[in-house]
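Report on the structure given below.
As the structure lists them, so they are numbered: ligands from 1, and atoms in each ligand from 1. Note: hydrogens, waters and symmetry copies are ignored here, and every other heavy atom, side chains too, is used.
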Amino acid sequence: MGKILVTGGTGYIGSHTVVELLNHGYDVVIVDNLSNSKLEVLNRIEKITGKKPAFYQISVQNKEEMRQIFQKYDIDSVIHFAGLKSVKESVEKPELYRSNNIGSSRILLELMEEYGVNNLVFSSSATVYGVPKRVPLYETDPIGGCTNPYGQTKVDIELMLNEYAKTHPQANIAILRYFNPIGAHSSGLIGEDPQGIPNNLMPYITQVAVGKLPHLNVNGNDYKTVDGTGVRDYIHVVDLASGHLAALKKLEEKPGLVIYNLGTGKGTSVLELVHAFEKANHLVIPYVIAPRRPGDVDENYANCDKAWNEMHWKAKLNIEDACRDSWLWQSHNPHGYDED
Ligand code: NAD
Ligand code: UFG
């Protein structure tokens, strides 16, 4: 069996997926430029799995350096996590997002073509659905209409992959549209380690819990939802990781291009998540009601029947598991991967 090339493999979702891959006997080569992750992740992966994957600090945008990886290793499949993901930063630096996210995906496809690598799993996002006309979201729902450059890069890459698949009948591509990943590995050794003040809800909650931030700002309580706060589909990152193994298995059937939502199918409001966190960890999270964040939608959750019917994958862990594991990670690593 050849290797699995994992771009962005030291990042949040990438590191959890690498652990699952190693635990299931896959040989992994990681490429990451460490623009949003730390080298220490590799030691943690080794602690969990007893194995240290090959690692190269390379930007996927550097075609010559990437070519050397394709030259050196017999690659079966690529899982492409590498990319920038901050909605806020993408509004300030749209060109950086276009060149990094779209540019690196194009280079990967060129090298896959050159070296006859046919299998690709791509990290897309629920953000491609734009403002949902209805929930739950199905894979057949229209994409586009994104309100930010980050989301638009995901739409553009999906379109590029569709074009590629049309002209390369031997290509097998799984586009995975993630909903909201939260949680951490149950060892507490790896988890989400955002730089600066977190943009996303769960790392904000855990930083309030650990005392780094005074209180949570609940962004809006007048949405058309169960309690007025925004509803999302929170999926445990370990379930998300196992979705990538299911996708690799699917690609062995040579399906051409396939698209799957990876979520739980269940919506949870901001306050429901806060209360679940408090209950799971016997803590109190102080919060204040703050203004809406521009661009946020009322409700966003997935229909995940397709992933179950075609890959036999579904999320097994629940919100309480994710709250417990996020807290284990944060409380054991109050400064993330940095030494204090
Ligand atoms: P992350 O930032 O933790 O991981 C991404 C990794 O890619 C980082 O380690 C970063 O250093 C690396 N990287 C960025 N540009 C690179 C480049 N040009 N070359 C090499 N490495 C590069 O993010 P994550 O949460 O693990 O997300 C992984 C993927 O999933 C991203 O593509 C993201 O857009 C997508 N996604 C994430 C979410 C989410 O909420 N976390 C939701 C939907 C989709
Ligand atoms: N929220 C707060 N306070 C915070 C942070 C978030 O109340 O400090 C609320 C938001 O308003 C929203 C919910 O918590 O209702 C979830 O917010 P996140 O930022 O955690 O997640 P989003 O659904 O807004 O965004 C995520 C990814 C994006 C991706 C999008 C796709 O972070 O990259 O899903 O739907 F584009």
Side-chain angles (χ1 to χ4, degrees), residues 6-17 30-38 41 56-62 65-66 79-88 90 96-97 99-101 103-105 107-108 122-132 137 146-148 150-151 153-154 157 176-182 191-195 197-205 207-208 213 215-221 223 225 229-235 237 240-241 262-263 267-271 273-274 287-302:
V6 182
T7 75
T10 45
Y12 173 45
I13 306 169
S15 57
H16 287 83
T17 303
I30 298 176
V31 163
D32 198 301
N33 65 359
L34 301 182
S35 59
N36 197 38
S37 56
K38 304 274 165 58
V41 173
Y56 295 86
Q57 186 174 353
I58 292 176
S59 168
V60 185
Q61 280 190 279
N62 188 327
E65 289 183 1
M66 285 300 290
I79 308 183
H80 181 36
F81 292 106
L84 297 171
K85 64 162 180 178
S86 160
V87 170
K88 197 162 156 248
S90 79
L96 173 69
Y97 272 66
S99 63
N100 191 71
N101 292 5
S104 60
S105 301
I107 283 169
L108 255 189
F122 173 64
S123 301
S124 190
S125 167
T127 195
V128 299
Y129 294 113
V131 179
L137 288 153
C146 293
T147 50
N148 63 80
Y150 162 71
T153 67
K154 295 292 181 192
I157 296 165
L176 303 182
R177 294 180 180 154
Y178 312 153
F179 281 67
N180 290 53
I182 59 169
E192 188 168 11
D193 182 20
Q195 295 174 18
I197 295 176
N199 294 315
N200 298 116
L201 180 58
M202 182 57 97
Y204 207 108
I205 292 176
Q207 292 202 11
V208 170
L213 295 165
H215 60 254
L216 173 70
N217 297 300
V218 174
N219 294 123
N221 66 349
Y223 285 105
T225 63
T229 65
V231 164
R232 299 290 183 273
D233 187 339
Y234 296 98
I235 173 168
V237 67
L240 193 57
L262 296 187
T268 302
S269 76
V270 175
L271 289 181
L273 191 67
V274 168
Y287 65 83
V288 299
I289 304 299
R292 287 180 174 209
R293 276 189 329 196
D296 272 0
V297 301
D298 299 64
E299 289 199 299
N300 191 337
Y301 57 92

> Where on Glu192 is there a heavy atom closer than 4.0 Å to ligand 1, on the side chain, on the backbone, on both, or on neither?
Replying inline: neither
>> How far is atom 5 (C) of ligand 1 from the closest protein heavy atom, and which atom is that?
In response: Gly83 O, 3.8 Å
> For Lys85, which residues count as a side-chain hydrogen bond (donor to acceptor under 3.5 Å, both in side chains) partner, sequence neighbours excluded?
Replying inline: none
> If you measure from atom 8 (O) of ligand 2 to every heavy atom of Tyr129, Tyr301, Tyr150, Tyr204, which option wins on shortest distance?
Replying inline: Tyr204
> Counting only heavy atoms, which portion of Leu34 has something under 4.0 Å from ligand 1: side chain, backbone, both, or neither?
Replying inline: backbone
>> Using a 3.5 Å distance criterion without hydrogens, assess whether the side chain of Asp233 forms a donor-acceptor pair with backbone atoms of Ala302.
In response: yes
> If only atom types and distance count, is the side chain of Asn101 paired as donor or acceptor with the main-chain N or O of Leu84 below 3.5 Å?
Replying inline: yes
> For atom 28 (C) of ligand 2, which protein heavy atom lies nearest, and how many Å away is it?
Replying inline: Val87 CG2, 4.2 Å
>> Less than 4.5 Å apart, side chain to side chain, heavy atoms only: is that true for Val231 and Asp298?
In response: no
> In terms of atom number and element, which parts of ligand 1 are under 4.0 angstrom from non-hydrogen atoms of Ser35?
Replying inline: 10 (C), 11 (O), 13 (N), 14 (C), 15 (N)
> Of all the non-hydrogen atoms in the protein, which one sits nearest to atom 19 (N) of ligand 1, and at what distance?
Replying inline: Val60 N, 2.9 Å
> In terms of residue, atom name and distance, what is the protein heavy atom nearest to atom 3 (O) of ligand 1?
Replying inline: Tyr12 N, 2.8 Å
> For Asp193, is the nearest heavy atom under 4.0 Å from an atom of ligand 1?
Replying inline: no
> What part of Val270, side chain, backbone, both or neither, has a heavy atom within less than 4.0 angstrom of ligand 2?
Replying inline: side chain
> Which residue supplies the protein heavy atom nearest to atom 30 (O) of ligand 1, what is that atom called, and how far is it?
Replying inline: Tyr178 CE1, 3.3 Å
> Would you say the side chain of Val87 lies within less than 4.5 Å of the side chain of Asn199, judging by non-hydrogen atoms?
Replying inline: no
>> Quick test: of every protein heavy atom, which one is nearest to atom 39 (C) of ligand 1, and how far off is it to 0.1 Å?
In response: Pro181 CG, 3.5 Å
> Counting N and O atoms only, with roles assigned by atom type, does the side chain of Asp32 sit under 3.5 Å from a partner on the main chain of Leu34, one being a donor and the other an acceptor?
Replying inline: yes
> Taking atom 21 (N) of ligand 1 as the point of reference, which of Thr153, Asn101, Ile182, Asn33 owns the nearest heavy atom?
Replying inline: Asn33
> Taking distance alone, with no angle check, do Leu216 and ligand 2 share an N/O pair under 3.5 Å?
Replying inline: no
> For ligand 1, is Gly9 a contact, meaning one of its heavy atoms is under 4.0 Å away?
Replying inline: no
> Relative to the ring of Tyr150, is the ring of Tyr97 parallel (under 30°), tilted (30 to 60°) or perpendicular (over 60°)?
Replying inline: perpendicular
> Looking at ligand 1, does any of its N/O atoms fall within less than 3.5 Å of an N/O of Ser59?
Replying inline: yes
> So how far is it from Leu176 CG to Leu240 CG, rounded to the nearest 0.5 Å?
Replying inline: 8.0 Å
> What atoms in ligand 2 come closer than 4.0 Å to a heavy atom of Asn199?
Replying inline: 5 (C), 19 (O)
>> For the CD1 atom of Ile13 and the CD atom of Glu192, what is their distance to the nearest 0.5 Å?
In response: 8.0 Å
> So which heavy atom in the protein is nearest atom 29 (C) of ligand 2, and how far is it from that ligand atom?
Replying inline: Ser125 OG, 3.8 Å
>> Starting from atom 36 (F) of ligand 2, what is the nearest protein heavy atom, named by residue and atom, and what distance separates them?
In response: Thr127 CB, 3.1 Å
>> Let me confirm one number: the OG-CG distance from Ser105 to Asn100, rounded to the nearest 0.5 Å.
In response: 9.0 Å
> Should you measure from each heavy atom of Ser125, which atoms of ligand 1 turn up under 4.0 Å away?
Replying inline: 43 (C), 44 (C)
> Are any side-chain N or O atoms of Thr225 and backbone N or O atoms of Thr229, one a donor and one an acceptor, separated by less than 3.5 Å?
Replying inline: yes
> Between the candidates Phe122, Tyr150, Tyr234, which shows the shortest non-hydrogen contact distance to atom 34 (O) of ligand 1?
Replying inline: Tyr150
>> Which residue and atom name correspond to the protein heavy atom nearest atom 11 (O) of ligand 1, and how close is it?
In response: Asp32 OD1, 2.6 Å
>> Between ligand 1 and Phe81, is the shortest N or O to N or O distance under 3.5 Å?
In response: yes
> So, Ser123 and Tyr178: side-chain donor and acceptor under 3.5 Å apart, yes or no?
Replying inline: yes
> If hydrogens are left out, which of Asp233, Asn219, Ile182 has an atom nearest to atom 2 (C) of ligand 2, that is, the closest non-hydrogen atom?
Replying inline: Asn219
> Which residue from Ile13, Leu108, Val6 reaches closest to atom 37 (C) of ligand 1 through any of its heavy atoms?
Replying inline: Ile13
> Which residue owns the protein heavy atom closest to atom 20 (O) of ligand 2, what's the atom, and how far is it?
Replying inline: Leu201 N, 2.9 Å
>> Can a donor-acceptor pair be found, under 3.5 Å and without considering hydrogens, that links the side chain of Ser269 to the backbone of Gly230?
In response: no
>> Could you tell me, atom by atom, which parts of ligand 2 come under 4.0 Å of a heavy atom of Asn217?
In response: 2 (C), 3 (N), 4 (C), 7 (O), 8 (O)
>> Just to confirm my output: which protein heavy-atom neighbour is closest to atom 2 (O) of ligand 1, and how far is it?
In response: Asn36 ND2, 2.7 Å
>> What protein heavy atom lies closest to atom 15 (N) of ligand 1? Include the residue and the distance to one decimal.
In response: Asn100 ND2, 3.1 Å
> Looking at CG of Asn180 and OG1 of Thr127, how far apart are the two atoms once the value is rounded to the nearest 0.5 Å?
Replying inline: 10.0 Å
> Which of the listed options, Arg232, Glu299, Arg293, holds the heavy atom that is closest to atom 17 (O) of ligand 2?
Replying inline: Arg293
> With respect to atom 16 (C) of ligand 2, which of Tyr287, Phe179, Tyr234 exhibits the smallest heavy-atom separation?
Replying inline: Tyr234
> Got the closest protein heavy atom to atom 18 (P) of ligand 2, with its distance?
Replying inline: Asn200 ND2, 3.5 Å
> How long is the gap from CG on Leu137 to OH on Tyr301, to the nearest 0.5 Å?
Replying inline: 9.0 Å
>> Starting from atom 11 (O) of ligand 2, what is the nearest protein heavy atom, named by residue and atom, and what distance separates them?
In response: Asp296 OD2, 2.6 Å
>> Heavy-atom distances under 4.0 Å decide this one: backbone, side chain, both or neither, for Thr127 against ligand 1?
In response: neither
> What atoms in ligand 2 come closer than 4.0 Å to a heavy atom of Val218?
Replying inline: 7 (O)
>> Below a 4.0 angstrom heavy-atom separation, can you tell me which part of Val231, side chain or backbone, both or neither, approaches ligand 2?
In response: neither
> What closest approach, in Å, do Ser99 and Gln61 show between heavy atoms, and which atom pair accounts for it?
Replying inline: O-NE2, 3.1 Å
> Taking all atoms of both residues into account, what is the closest heavy-atom pair of Ile58 and Val31, and its distance?
Replying inline: O-CG1, 3.4 Å
> Which value, rounded to the nearest 0.5 Å, describes the distance between Arg232 atom CZ and Met202 atom CE?
Replying inline: 14.5 Å
>> I'd like to check which ligand 2 atoms, numbered from 1 as shown, lie under 4.0 Å from a non-hydrogen atom of Asn300.
In response: 35 (O)
> To which protein heavy atom is atom 22 (P) of ligand 2 closest, and what is the distance rounded to 0.1 Å?
Replying inline: Asn180 ND2, 3.6 Å
> Counting heavy atoms only, which part of Ser124 comes closer than 4.0 Å to ligand 1: side chain, backbone, both or neither?
Replying inline: backbone
> Can you name the closest pair of heavy atoms from Ser59 and Met66 and give their distance?
Replying inline: O-CG, 3.9 Å
>> For a quick test of reading the model, state the closest non-hydrogen atom pair linking Ala82 to Gly8 and the distance between them.
In response: CB-N, 3.7 Å
